[in-house]
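A quick write-up on the structure given underneath.
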2 protein chains.
Amino acid sequence: MDTLFLSKTDLFRGIPPEDIESMLGCLKAATKTYQRGEFICREGETVTAMGMVLSGSISIENDDIWGNRSILDRVSAGQVFAENYACLPGEKLMISAVANETTEVLFLSTECMFTVCPHACGFHNKLIRNMLTIAARKSLNLSRRIMHTSSKSIRGRLLSYLSFQATQHGCREFDIPFNRQQLADYLSVDRSAMSNELSKMQRDGIVKVERNHFVLLESDGL
Amino acid sequence: MDTLFLSKTDLFRGIPPEDIESMLGCLKAATKTYQRGEFICREGETVTAMGMVLSGSISIENDDIWGNRSILDRVSAGQVFAENYACLPGEKLMISAVANETTEVLFLSTECMFTVCPHACGFHNKLIRNMLTIAARKSLNLSRRIMHTSSKSIRGRLLSYLSFQATQHGCREFDIPFNRQQLADYLSVDRSAMSNELSKMQRDGIVKVERNHFVLLESDGL
DNA sequence: GCCTCCTTGTTGTTAAAACAACATACTTGT
DNA sequence: ACAAGTATGTTGTTTTAACAACAAGGAGGC
């Protein structure tokens with residue numbers, strides 16, 4: 001196990017590699033490799049362990065009642081997934097996790113994370129703290145998406161998203177991490193309609209756009 | 001401090017009242033009373049403590065860039081709020097918390113929750129576990145709302161919400177905890193348009209509605 | 001009972017987004 | 001450089017939801 005890699009992840013941050021080694025036993029660590037398209041877990045199942053992607057990447061998907069698949073999240077190396085379900089034993093998954101490519105996953109029992117470590121795990125508390133930090137960060141990301149999609153107009157959603165990006169970068173000029181289709185999915189709008197709206201906003205002098213690069217113009221008090 | 005009340009909350013569940021008493025010191029517990037309309041915390045601020053409503057209730061609000069206020073959540077007695085921000089020191093609040101009525105709030109330092117307790121807090125681990133359970137539950141609620149609002153049609157959103165309610169109740173006949181306006185807000189749609197769509201769905205034989213009571217009819221494989 | 005307030009359903013109009021289809025640019029691999 | 005595939009912008013049409021205005025139906029107070 002590459003404990004040096006693990007020590008750089010959000011979950012094990014601040015824990016020396018040699019200590020991680022001993023913790024993995026406590027956490028009933030187990031790895032498994034998946035091929036592209038293979039399911040790590042499926043909607044309706046229950047899980048008792050959280051997952052961490054060691055290499056490759058996975059998608060968190062949701063199928064609606066008509067079978068339309070939508071991608072909620074992508075999880076890449078070093079990131080964890082299914083941690084909320086692992087913290088709620090018996091809770092049925094609303095989503096499925098599927099490998100985008102050949103992907104190695106580390107499974108960690110949350111049960112063992114909560115109970116006092118029988119061995120001398122001096123960094124057990126650090127781990128739990130990291131866990132809460134990850135959970136808090138993810139929660140805020142979800143809240144933010146809800147806010148950005150609460151406006152009923154495409155322009156409103158774009159402005160909500162773009163002005164947040166501006167404050168995040170501390171600058172009215174910035175790049176976004178999405179292409180058009182991904183941004184449209186994130187905001188739950190049609191791509192072409194969004195593209196059209198971006199053009200209108202540009203004509204209205206609200207914003208300057210070129211592919212991923214945006215400039216918010218000082219039309220009103222941002 | 002009413003430790004008996006606290007022992008019944010999600011945060012202190014499983015911890016005897018006498019142990020809660022000693023924990024409160026560790027957590028730098030402090031209470032404050034707010035009058036209706038008074039802000040507990042405001043967008044843009046940072047916090048270092050989480051809050052628990054002891055009596056009364058508060059609203060979690062978000063103002064968009066045009067000043068339109070939208071209510072994201074209501075927190076009533078025994079529930080916690082701002083715990084995600086308290087776990088991420090320095091993170092600026094995207095939301096504000098305001099008292100709906102005369103409300104007593106208990107503030108708890110998360111910093112002290114993470115560090116090993118110098119006193120004999122045998123239930124410290126239980127507290128942290130409860131905290132993670134609460135965070136996980138809230139996260140799933142947020143994810144669920146995102147899923148229910150990801151459809152682009154009102155009917156799609158209603159079906160997503162209603163079919164989830166049906167599976168939750170384990171029955172196609174159930175009551176929902178929202179009135180029409182609240183449901184419309186939750187699904188981010190116009191109330192009258194939603195009311196209209198519900199009527200159409202009833203005419204189409206998909207659902208039977210009477211105020212808060214719903215029956216999903218077996219039109220297709222739910 | 002009666003009045004008022006609040007909730008819900010209905011309708012028609014207007015505005016907006018979805019959708020489809022296509023043209024143009026940009027990428028990537030060879 | 002070229003070809004194939006992807007991403008983006010544009011346009012016109014159709015569908016849909018927002019919006020406004022109002023009527024009907026409880027719920028609660030007096």
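Please read these numbers as outputs of a predicted model, since none were measured by experiment. Chain letters run A, B, ... following the sequence lines, proteins first, then strands; residues in each count from 1. Keep in mind that the numbers below use all heavy atoms, side chains included, and drop hydrogens, waters and symmetry copies.
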- Query: If you measure only the distance, is there a donor-acceptor pair under 3.5 Å linking the side chains of A:S199 and A:Q202?
  - Reply: no
Atom CZ of A:R180 and atom C1' of D:dT10 are separated, to the nearest Å, by 14 Å
Which class fits the ring pair B:F174 and B:H169: parallel under 30°, tilted 30 to 60°, perpendicular over 60°? parallel
Reckon A:S195 touches a base, only the sugar-phosphate, or nothing at all at heavy-atom distances under 4.0 Å? base
From CG of A:D185 across to P of C:dA18 the rounded distance in Å is 12 Å
B:L198 atom CG is separated from C:dG9 atom P, nearest whole Å, by 7 Å
Separation of D:dA7 atom P from A:N212 atom CG, nearest Å, is 12 Å
Rounded to whole Å, the CG-C1' distance (A:N179 to D:dG9) equals 14 Å
Residues at least two apart in sequence or cross-chain that pass salt bridge (charged side-chain N to carboxylate O under 4.0 Å, His left out) with A:R211, listed by chain then number, are none
Between NE2 of A:H213 and P of D:dT8 the distance, given in whole Å, is 16 Å
B:I176 CD1 to C:dT8 C1', in whole Å, measures 13 Å
When rounded to whole Å, the CD to P distance for the pair A:Q182 and D:dT6 reads 15 Å
Residue set satisfying salt bridge (charged side-chain N to carboxylate O under 4.0 Å, His left out) with B:D2, at least two apart, ordered chain then number -> none
Per-nucleotide protein contact along nucleotides 11-26 of chain D, 5' to 3', at a 4.0 Å heavy-atom cut-off (B base, S sugar-phosphate only, - neither), is B-----SSBB------
